[in-house]
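Following: one structure in structure tokens, then a few remarks.
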2 protein chains.
Amino acid sequence: MSTINDVAKLAEVSIATVSRAINNSGYVSEEARKKIDQAINELDYIVNERARNLSKQRSGIIGVIIPDLENPFYGKLIKNIEIELYSYGYKTMVCNTIGTSNREKEYIDMLDRNIVDGIITCALVLEDYVYTRIKKPIVSTDHDFGPSIPLIHSDHRRGGYLAAKKMLEAGCKNVVMVGARWDVKTPSSERYTEFEKILKENKIPIQTIYADWNRMSYPYYTQLMSEYYDVLMNVDGIFTSDIGAIALYHLVADQGRQIPKDLKILGYDGMSITKISKPVISCIRQDAEELAKRCVNTIMKLICGDENIEYHQIIDVTFQQGDTL
Amino acid sequence: MSTINDVAKLAEVSIATVSRAINNSGYVSEEARKKIDQAINELDYIVNERARNLSKQRSGIIGVIIPDLENPFYGKLIKNIEIELYSYGYKTMVCNTIGTSNREKEYIDMLDRNIVDGIITCALVLEDYVYTRIKKPIVSTDHDFGPSIPLIHSDHRRGGYLAAKKMLEAGCKNVVMVGARWDVKTPSSERYTEFEKILKENKIPIQTIYADWNRMSYPYYTQLMSEYYDVLMNVDGIFTSDIGAIALYHLVADQGRQIPKDLKILGYDGMSITKISKPVISCIRQDAEELAKRCVNTIMKLICGDENIEYHQIIDVTFQQGDTL
DNA sequence: CTGAAAGCGCTAACAG
DNA sequence: CTGTTAGCGCTTTCAG
């Protein structure tokens with residue numbers, strides 16, 4: 001592997017000139033440039049980013065921390081984040097926490113260790129101070145770390161509102177919510193508080209079933225739904241996640257209850273499986289593309305020292321009609 | 001941010017001693033170690049990986065090139081690759097090619113630019129020589145680059161065999177295969193050639209519908225299936241991907257044809273959506289965990305210069321019973 | 001327009 | 001057991 005030194009020697013100029021030439025910074029005479037180009041070609045020279053990065057004190061990499069890449073919502077989100085970062089010339093490092101705090105911690109530490117230039121986090125088992133003590137670029141989705149860390153999330157409150165309205169319009173009289181614990185208040189949990197509020201205002205009895213916040217697999221939801229089978233059999237409306245909705249459907253479909261006549265099911269997220277699913281799941285849809293764009297745009301501003309940052313960005317959600325409500 | 005210099009100064013030793021201490025390499029007296037630990041604590045010193053990596057000529061990062069992270073199969077694969085790499089102390093960089101060759105090319109170039117220490121590739125729009133000219137660690141899944149690049153893939157031939165056997169056992173008399181073009185021979189395409197072979201041996205008429213190899217979204221398959229509606233309505237067995245199977249089911253379900261009585265559907269991959277799906281899709285399942293393990297294990301050997309490498313590894317597939325065959 | 005030289009922060013002989 | 005020193009390969013002043 002040839003270095004900038006070899007190029008300089010062959011082109012009979014100094015390494016400083018070569019550096020200027022390959023970076024298009026500062027003046028380089030036509031003659032010098034020609035000789036350098038030729039030398040580069042001859043030697044198959046490619047710049048060593050490792051050295052460049054040490055010198056420039058950057059890495060060109062952003063870490064994205066998520067709970068579980070196997071969950072299609074995060075797959076979609078990361079895909080879009082990667083596409084956005086790529087357009088800014090940045091690379092994407094993925095960090096699955098799979099629910100364990102030490103993995104999350106170690107990935108956060110990458111900032112201090114100068115492995116990444118910034119972090120977009122979607123996961124959080126950790127205490128806030130682990131994040132807030134770091135003074136490098138962090139953008140958070142769905143967890144409020146206070147005014148120092150930009151927070152970007154879907155308009156979950158409106159999501160809860162839309163969900164409640166749809167249930168009411170559909171004539172539900174007795175509903176249940178199934179989802180991650182929301183005793184800890186996060187933007188994400190507002191979907192439930194708002195949903196509950198609207199229903200209570202309309203005198204509709206409502207029950208809740210809590211799920212572990214970091215478990216979102218289909219088998220888990222199937223098991224959870226089974227445990228509460230009796231409860232679920234006696235209501236006429238259920239508000240849960242996409243995965244929960246599908247799991248639930250399978251559970252009740254064979255019991256002779258008509259969907260949506262006897263029971264309305266409403267999912268949340270709007271992942272593509274809701275459309276693939278038969279029946280198509282009615283749900284509240286988050287805009288993963290827009291979320292990705294905003295996260296990346298914001299972390300880029302943080303890195304560039306751009307002052308013009310919105311520290312709280314809320315992305316619209318929409319109702320997506322399906323066959324279950 | 002403090003450096004090794006600051007620590008050395010505060011601990012009143014040389015930077016070499018500090019380096020030895022933090023790396024546990026070479027001898028360091030108890031006394032020195034104590035002073036160093038104290039200095040590290042006092043200064044909140046954290047090693048700068050950027051500098052360390054330049055010095056050690058490594059990056060600790062593996063790039064994983066895939067067509068589309070939104071596809072659940074790749075989501076699952078990458079998740080498992082990340083978990084494996086993490087256990088070796090390596091980080092994972094994701095590279096979505098989304099079917100475009102320049103993105104794939106640029107990510108391959110990361111090897112030459114010393115951004116990553118190795119690449120696991122699942123994508124390939126590019127000519128072979130782009131890969132083969134590189135003499136750094138590359139592991140391929142599903143594309144044979146010749147003897148210099150380890151190839152790891154599912155036993156697709158057996159997958160095709162199992163699929164054919166199941167169709168025959170189920171009494172199919174007229175079948176169609178729907179999948180990525182397999183005129184270019186890859187390990188992955190053997191599922192089709194083997195399937196076809198067995199069926200022909202049994203005098204079963206078989207038709208084929210080609211899909212773009214790098215498009216695997218649900219909408220695409222739905223559209224594709226619609227185009228060939230007439231064909232699909234006149235067969236009694238269909239072998240396709242998981243996504244194709246689900247798309248197909250939706251298309252025919254409303255037409256009064258009984259599944260699996262009138263029509264058997266068999267998917268391929270065995271992603272979790274096949275289980276979530278209603279009906280549960282019968283399919284041939286790839287072992288993503290094992291694939292991930294082998295890929296990572298092999299690239300680690302390549303990096304360490306371990307001679308003991310299997311250059312062609314084939315992972316078992318299994319039939320997964322569902323409701324559609 | 002160009003080159004010398006001082007870093008970036010760490011590792012690894014090598015001599016003591 | 002420890003310190004000196006020479007890199008790793010590139011960027012960036014600062015004189016000229």
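Only a predicted model underlies this, so the values are computations on that prediction, with no experimental measurement involved. Each chain gets a letter, A, B and so on, in the order the sequences are listed, and its residues count up from 1.
- The separation between R50(B) atom CZ and dG9(D) atom C1' is 15 Å, rounded to whole Å.
- First and last contacting nucleotides of DNA chain C toward chain A (any atom under 4.0 angstrom from a heavy atom, 5' to 3' order): dC1(C) to dG9(C).
- Remark: Y45(A), V47(A), N48(A) in residues 39-48 of chain A come within less than 4.0 Å of DNA chain D through at least one heavy atom.
- Of the residues in residues 4-13 of chain A, V13(A) come within less than 4.0 Å of DNA chain C through at least one heavy atom, sorted by number.
- For Y27(B), there are no side-chain contact (heavy atoms from CB on, under 4.5 Å) partners, not counting sequence neighbours.
- Residues passing the side-chain contact (heavy atoms from CB on, under 4.5 Å) test with I40(B) are V7(B), I22(B), I36(B), Y45(B), sequence neighbours excluded.
- Of all the residues in residues 19-32 of chain B, R20(B), Y27(B), V28(B), S29(B), A32(B) reach under 4.0 Å from DNA chain D with at least one non-hydrogen atom.
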Distance-only donor-acceptor hits, side chain of residues 298-312 of chain B, under 3.5 Å, sequence neighbours excluded:
| from | atom 1 | to | atom 2 | distance (Å) |
| --- | --- | --- | --- | --- |
| T298(B) | OG1 | R294(B) | O | 2.7 |
| T298(B) | OG1 | Q313(B) | NE2 | 2.9 |
| K301(B) | NZ | N308(B) | O | 3.0 |
| D306(B) | OD1 | N308(B) | N | 2.7 |
| H312(B) | NE2 | H153(B) | NE2 | 2.8 |

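- Contact annotation: T3(A) does not reach the phosphate of dG9(D) (side-chain N/O to OP1 or OP2, under 4.0 Å).
- Under the side chain to side chain donor-acceptor pair (under 3.5 Å) criterion, S14(A) pairs with T17(A), not counting sequence neighbours.
- Taking five base pairs at each end of the helix from dC1(C)-dG16(D) to dG16(C)-dC1(D), the local helix axes there meet at an angle of 40°, rounded to 10°.
- Not one N or O on the side chain of N23(B) forms a donor-acceptor pair closer than 3.5 Å with the backbone of S25(B).
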Applying side chain to side chain contact (heavy atoms under 4.5 Å, CB included) to R58(B) and Y90(B), what does each step give before you reach the verdict?
CA-CA 11 Å; R58(B) 53 156 265 159; Y90(B) 275 77; 3.8 Å; yes

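- Applying the side-chain contact (heavy atoms from CB on, under 4.5 Å) rule to S87(B) yields the partners E84(B); only residues at least two apart in sequence or on another chain are considered.
- dT5(D) atom C1' lies 9 Å from atom CD1 of I15(B), rounded to whole Å.
- In this structure E104(B) satisfies the salt bridge (charged side-chain N to carboxylate O under 4.0 Å, His left out) test with no other residue, sequence neighbours excluded.
- Scanning residues 51-60 of chain B for heavy-atom distances under 4.0 Å to DNA chain C yields A51(B), R52(B), S55(B), K56(B).
- Residues S140(B) and Y131(B) form no side-chain contact, since every pair of their non-hydrogen atoms from C-beta on lies 4.5 Å or further apart.
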